Amino acid sequence: MISLSNALEEKLKAALEKAFSVASEPAGSARISLDPQLVTASKPEFGDFQANCALALAKSLKESPRAIASLIVDQLNADKSFLRLCEPPQIAGPGFINFTIRSECLIEELRKRLIDKRLGVHLVDEALPREKLGTVVVDFSSPNIAKEMHVGHLRSTIIGDSISRVLEFRGYRVLRLNHIGDWGTQFGMLITYLKDVAPEALERPDAVDLGDLVVFYRKAKQRFDEDSLFQKNAREEVVRLQRGETLSKKAWGLICHQSRREFQKIYDQLDVQLTERGESFYNPLLHKVVNDLDDCGLLVVDSGAKCVFLEETFGKDGKALPVIVQKSDGGFNYATTDLAAIRYRFGEVPEGDGAQRVIYVTDAGQANHFSGVFEVARRAKWIPPDCNLEHVPFGLVQGEDGKKLKTRSGETIRLRDLLDEAIQRAKVDLCRRLDEEGRQEDETFIEQVSATVGLAAVKYADLSQNRITNYQFSFDRMLALQGNTAPYLLYAFVRIAGIARKGGDLQAHIDKIEFNQDEEWALLKQLLRFDEVIVQVEEELLPNRLCNYLFELSQTFNRFYDQIPVLKVEEPIRSSRLAICRLTADTLKLGLGLLGIPTLERM
RNA sequence: GGGGCUGUAGCUCAGCUGGAUAGAGCGACGGUUUCCUAAACCGUAGGUCGUGGGUUCGAGUCCCGCCAGCCCCGCCA
C-alpha cells in the first residue's frame, strides 16, 4: 500500500499548504512544519491511515487541534482526486484525522498484485540495471576451521541469510561473505599434530579421513598443553606456515578442506549460499593496512605494539583505548584483518568489492571491537562518502534455564545435533498425528515434511525474535502447533493448497471482484501491507518484523478460513475469494522464502 | 572503574519517525467439528511498561539519575 499512502500524503500536503500557507508566513515567526504525520491507523476501527499533524500544529497556530483538523478536512473534501481515493475523513478524539481508503481502490490494488510476481514490492531502483546498483556485502556465519559450528553461528547464519535474501529481492547485488577463521596460531598446533599422527595424509590427501575435526582439535590441544617439545614444534610450524612453506601450506589446506566439507553439509541442509573468503585472504594486504595507517599519522607505538588510539573510548586505567594493529612480536591480529577487509570491500572494483554498504552479522559481544575498528576505518578515510558500514548485532542463545545453551553434561551443543533433534521431534509429532487421524503416508512424505517443519521451526524461532535481545531456545515452543511458530504459518499455506486440491482454480482469470464480508476486507488489507514491511526490513535489518507480519497474515487468513466458505458459494464471490486465497498463498510463500523457509503443499 | 545491551501479563516476547483505552502467543479457565486438514477458530481472566525525575499538548518510546541482569574492556576472534 506504499503507493496509496504516498498518494494520500501528497494530497494531505497540498491541503495543508492551502489551509495554512498564509498563516505560516507571518514575519518573524518561526517556520511551521507542514508534515502531515501520516501513519498507519493504530486500530482498524479508525480506518486505514491517520494524520496526527493537527495536534502538533495546535500550539504554533494557537488554535484547537480539532479546529485545525476541520480546516484540513474541508480542503480535502474540496479535492476531487482525494475523494476518488478516500472516503470523507473523520475527525476523532483530540484531533486525529482518520482515513479509510475507498473499496474500489483496494480492489484495484488487488488486481495489480494478482498479476505482479513481485507482489507490489518495487526494485530499489527500477531505472537502473542490476549491475549498476550498489553492492552490499553481508558478512555472516563465519565459523572457525577445526571447531564445531554452534548456536552462535546458527543465529548469524540464519539472520544473515534472511537479510541477504531481502536485499537481493529488492534488487541489490549482494555479496554473501563467509569470513571463516582459517588463519592463526592454532594452525601450528593442528599441523604439527597432523604431521605426527597422519603423515600419509600429506602424500595422498584422499588416503586419510581426518574424521571428526573437533576431536582432532581437542587431541592436538591436549598434546600442546602436555608436551613441551610439541609446543616448540607448533610455534615453529606457525612461522613456516606464515613463510608459505609448501608442506605447511599443504597441511593447512588439508585441514581447511576437511572443515569446509563439514560446514557445507550444514549450509546445504539450511539452504544457505555463502562465498567463502576467510581471514587468510587478507594476509597479503595486512602490511599495507599498517603502512597506510602510519601514513595517515594515526599509528602510535606503545609497549612495542602498533596501535591507533581512540580518545573517546577508555580502558580500566582511564587512558584511551588502543586498537592494536600489529603486535609487539610483529604479528597481526583480528583488528588488522578486519581493517584489511573493510578497506578491500569498499575498494574500487578490480582491487576491491566496490561495496556501498557493508553489514556484519555477529553477536553483540563484538560491538566494542567493531565500533573501534569502524572508527579507525573512518579516520583512515577508507569508507567512501555515501557508503555505510554497519554492525548488525544479535543476542546470546540461552537454554530454558536462562543460561548459555549447553548440553546436560555442560558441553557446547553441536549444530548438527541440534538440527537433527528438531527434525526428529517434528517427525515424532507428525507420526503421532498421522496415527491419531488414521492417515496413511509414505516414508518420503514423512521424511520430507519432518525435515521441512523441523528446520523451519529452528529458523523461524530465531528470526521471529528481535535479534538484539538474548534468545531462549526451546524445542517445545518452536515446534508448537499453535502460536507464532513456523508450523502455524506453514499450516495456513497448506490450507490454501487444500482448497486448490479440492477444485479451486487459484490461477483462474478474474473479471469481477466483489467482497461483502469483514473477514474478506481484513485479509485484503493485510495482504496489501506486504510491500511496506519488506521495505522496512531492508532499512532496519530486523527480520522479526517480517515474521510478525506473516504471523498476523496467517491469523487473519485462519479467521477468514474459519468463517468464510470459498468453494461452496456462487460466482462472482467464489472467484473473488479464490483470488485473495491465491494472493495469501503467494505472499506467504514469498515472505517465508525471504526468511529462508520453504512451504509445503500438505503436512 | 569505563562502555554496550536488556528490564513490558505467571512464562516467552511484539510494540515502526513520540500519538487515541499498552498488544500477541503460551499456560489457566470456558466454548466451537454432519461443511475447503480442529496443526484451526471464538470468549474470559491477567500489566503502576524496573525505579525516580525531566522535556512535550501527549512518553513504554526521547533526556538525566538510580537499581537489577547479561556482555565487553592491549597484543584471542
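Reminder, nothing fancy here: chain letters follow the sequence lines and each chain counts from 1. Predicted model only: the values in this text are computed from it and were never measured.
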Worksheet item: Heavy atoms under 4.0 Å, any strand shown: does A:Ile68 hit a base, just sugar-phosphate, or nothing?
Response: nothing
Response to the item:
Regarding the side chain of A:Leu321, the nearest nucleotide among B:rC75, B:rA20, B:rC73 is B:rC73
Discussion item. Between A:Lys59 and B:rC57, is there a contact of a side-chain N or O with OP1 or OP2 at under 4.0 Å?
Written reply: yes
Item to complete: Identify whether any heavy atom of A:Ile496 sits under 4.0 Å from a base atom; if not, whether one sits that close to sugar-phosphate; answer base, sugar-phosphate or nothing.
Response: nothing
Fill in: Nearest-Å distance once atom P is located in both B:rU17 and B:rC75
40 Å
Worksheet item: Among the nucleotides B:rG74, B:rG2, B:rA14, which one has an atom lying closest to any side-chain atom of A:Asn544?
Response: B:rA14
Worksheet item: Is any side-chain nitrogen or oxygen of A:Arg545 closer than 4.0 Å to OP1 or OP2 of B:rG15?
Response: yes
Discussion item. On the nucleotide B:rA14, are OP1 or OP2 found under 4.0 Å from the side-chain N or O atoms that A:Thr469 carries?
Written reply: yes
Discussion item. Without decimals, in angstroms, what is the distance between A:Arg467 CZ and B:rC13 C1'?
Written reply: 16 Å
Worksheet item: So what does A:Leu567 hit on the nucleic acid, given a heavy-atom distance under 4.0 Å: a base, only sugar-phosphate, or nothing?
Response: base
Worksheet item: Under 3.5 Å, is there a donor-acceptor pair linking the side chains of A:Thr469 and A:Asn466?
Response: no
Worksheet item: Looking only at side-chain N and O atoms, does A:Lys502 come under 4.0 Å of OP1 or OP2 in B:rC35?
Response: no
Item to complete: Establish whether the base of B:rA20 is bridged to the side chain of A:Gln50 by a donor-acceptor pair shorter than 3.5 Å.
Response: yes
Discussion item. Taking B:rG47 as the reference, what is the distance to B:rU8 when you measure between their C1' atoms (whole Å, please)?
Written reply: 8 Å
Practice prompt. Counting heavy atoms from C-beta on, name the nucleotide in B:rG4, B:rA20, B:rC71 closest to the side chain of A:Phe46.
Written response: B:rA20
Discussion item. Pairing donors with acceptors under 3.5 angstrom, does anything connect the side chains of A:Ser371 and A:His391?
Written reply: no
Worksheet, complete the sentence: Of the candidates B:rA14, B:rG19, B:rC75, the side chain of A:Gln465 sits closest to B:rA14
Discussion item. Measuring only the P atom in each nucleotide, how far is B:rG43 from B:rA24? A whole number of Å is fine.
Written reply: 10 Å
Worksheet entry | Residue whose closest nucleotide on RNA chain B lies nearer the 5' end, A:Gly483 versus A:Gln37 | A:Gln37
Fill in: Salt-bridge contact A:Arg170-A:Glu538 (side-chain N to carboxylate O under 4.0 Å)
yes
Worksheet item: Are A:Tyr360 and A:His179 an aromatic pair by the rule of ring centers under 6.0 Å?
Response: no
Item to complete: Starting at atom CD of A:Glu532, determine the distance to atom P of B:rC16, rounded to an integer number of angstrom.
Response: 15 Å
Worksheet entry | Distance-only side-chain donor-acceptor flag, A:Asn6 / A:Glu9, under 3.5 Å | no
Worksheet item: Rounded to whole angstrom units, what separation is found between the NE2 atom of A:His369 and the C1' atom of B:rA77?
Response: 7 Å
Worksheet item: So does A:Gln536 get a side-chain nitrogen or oxygen closer than 4.0 Å to the phosphate oxygens (OP1/OP2) of B:rC16?
Response: no
Discussion item. Would you say A:Asn368 places a side-chain N or O within less than 4.0 Å of OP1 or OP2 belonging to B:rC5?
Written reply: no
Item to complete: Report yes if at least one side-chain N or O of A:Gln555 is closer than 4.0 Å to OP1 or OP2 of B:rG25; otherwise report no.
Response: yes
Response to the item:
Paired runs of 3 or more consecutive Watson-Crick or G-U pairs involving RNA chain B, with both pairing distances under 3.5 Å, are B:1-7 with B:67-73, B:10-13 with B:23-26, B:28-32 with B:40-44, B:50-54 with B:62-66
Worksheet item: Is any NZ, NE, NH1 or NH2 atom of the basic residue among A:Lys306 and A:Asp294 found under 4.0 Å from an Asp or Glu carboxylate oxygen of the other?
Response: no
Item to complete: Taking the six-membered ring for Trp and the full ring for Phe, Tyr or His, determine whether the centres of A:Tyr488 and A:Phe551 are under 6.0 Å apart.
Response: yes
Worksheet item: Taking the side chain of A:Gln472 as its heavy atoms from C-beta onward, which of B:rU12, B:rA14, B:rG74 lies nearest to it?
Response: B:rU12
Worksheet item: For the pair made of CG in A:Asp363 and C1' in B:rC70, what is the distance, rounded to whole Å?
Response: 13 Å
Discussion item. Are A:Phe475 and A:Phe473 an aromatic pair, judged by ring center distance below 6.0 Å?
Written reply: yes
Item to complete: Please tell me which of the listed nucleotides, B:rA77, B:rC41, B:rC75, lies nearest to the side chain of A:Glu279?
Response: B:rA77
Item to complete: Have a look at A:Gly365 and say if it touches a base, only the backbone sugar-phosphate, or nothing, with a 4.0 Å heavy-atom cut-off.
Response: sugar-phosphate
Worksheet item: With respect to the phosphate group of B:rG25, does any side-chain polar atom (N or O) of A:Arg477 fall under 4.0 Å of OP1 or OP2?
Response: no
Item to complete: Identify whether any heavy atom of A:Glu540 sits under 4.0 Å from a base atom; if not, whether one sits that close to sugar-phosphate; answer base, sugar-phosphate or nothing.
Response: sugar-phosphate
Worksheet item: Just checking A:Arg559: base, sugar-phosphate only, or nothing, at a heavy-atom cut-off of under 4.0 Å?
Response: sugar-phosphate
Worksheet item: Are OP1 or OP2 of B:rC41 and a side-chain N or O of A:Tyr488 less than 4.0 angstrom apart?
Response: yes
Fill in: Residue pair A:Gln517 / A:Arg577, side-chain donor-acceptor N/O under 3.5 Å
no
Worksheet entry | Upstream residue (5' side of RNA chain B) when A:Ala480 and A:Val39 are each assigned their closest nucleotide | A:Val39
Practice prompt. Examine B:rC41: is either OP1 or OP2 under 4.0 Å from a nitrogen or oxygen in the side chain of A:Asn558? Give yes or no.
Written response: yes
Item to complete: Please state the C1' separation for the pair B:rU34 and B:rG23 - nearest whole angstrom.
Response: 38 Å
Worksheet entry | Length of the line joining A:Ile2:CD1 and B:rC16:P, which is rounded to integer Å | 18 Å
Worksheet item: Rounding to the closest angstrom, what is the interatomic distance between B:rG10 and B:rC49 at atom P?
Response: 13 Å
Worksheet item: When all nucleic acid strands are considered with a 4.0 Å heavy-atom cut-off, which category describes A:Asn52: base, sugar-phosphate, or nothing?
Response: base
Worksheet entry | Residues A:Arg574, A:Glu570: salt bridge by 4.0 Å N-O rule | no
Worksheet item: Nearest to the side chain of A:Ser303 - B:rC75, B:rC16, B:rG74?
Response: B:rC75
Worksheet item: Do NZ/NE/NH1/NH2 and the carboxylate oxygens of A:Arg425 and A:Asp429 come within less than 4.0 Å?
Response: no
Discussion item. Rounded to whole Å, please give me the gap between CZ in A:Arg66 and P in B:rC57.
Written reply: 20 Å
Fill in: Nucleotide nearest A:Phe551 (side chain, heavy atoms from C-beta), chosen from B:rA39, B:rG25, B:rC16
B:rG25
Item to complete: Could you tell me whether A:Asn98 contacts a base, only the sugar-phosphate backbone, or nothing, with contacts defined as non-hydrogen atoms closer than 4.0 Å?
Response: base
Worksheet item: When you check the phosphate oxygens OP1 and OP2 of B:rA40, does a side-chain N or O of A:Gln482 lie under 4.0 Å from one of them?
Response: yes
Practice prompt. Would you say whether A:Phe96 stacks on B:rA20? The test is a distance between ring centres of less than 5.5 Å and an angle between planes of less than 30°.
Written response: yes
Worksheet item: Between B:rC57, B:rC75, B:rG74, which nucleotide gets closest to the side-chain atoms of A:Ala305?
Response: B:rC75
Worksheet entry | Interatomic distance where CZ belongs to A:Arg495 and P belongs to B:rC35 [whole Å] | 14 Å
Item to complete: Look at all strands and tell whether A:Ala92 reaches a base, only sugar-phosphate, or nothing, counting heavy atoms closer than 4.0 Å.
Response: base
Item to complete: Among B:rC36, B:rG74, B:rC70, find the nucleotide with the atom closest to the side chain of A:Phe309.
Response: B:rG74
Worksheet item: When rounded to the nearest Å, what value does the distance between C1' atoms of B:rG18 and B:rC57 take?
Response: 12 Å
Practice prompt. Round to the nearest Å and state the distance from A:Leu490 atom CG to B:rA39 atom P.
Written response: 14 Å
Item to complete: Anything under 30° is parallel, anything over 60° is perpendicular, the rest tilted; go ahead and classify A:Phe530 against A:Tyr549.
Response: tilted
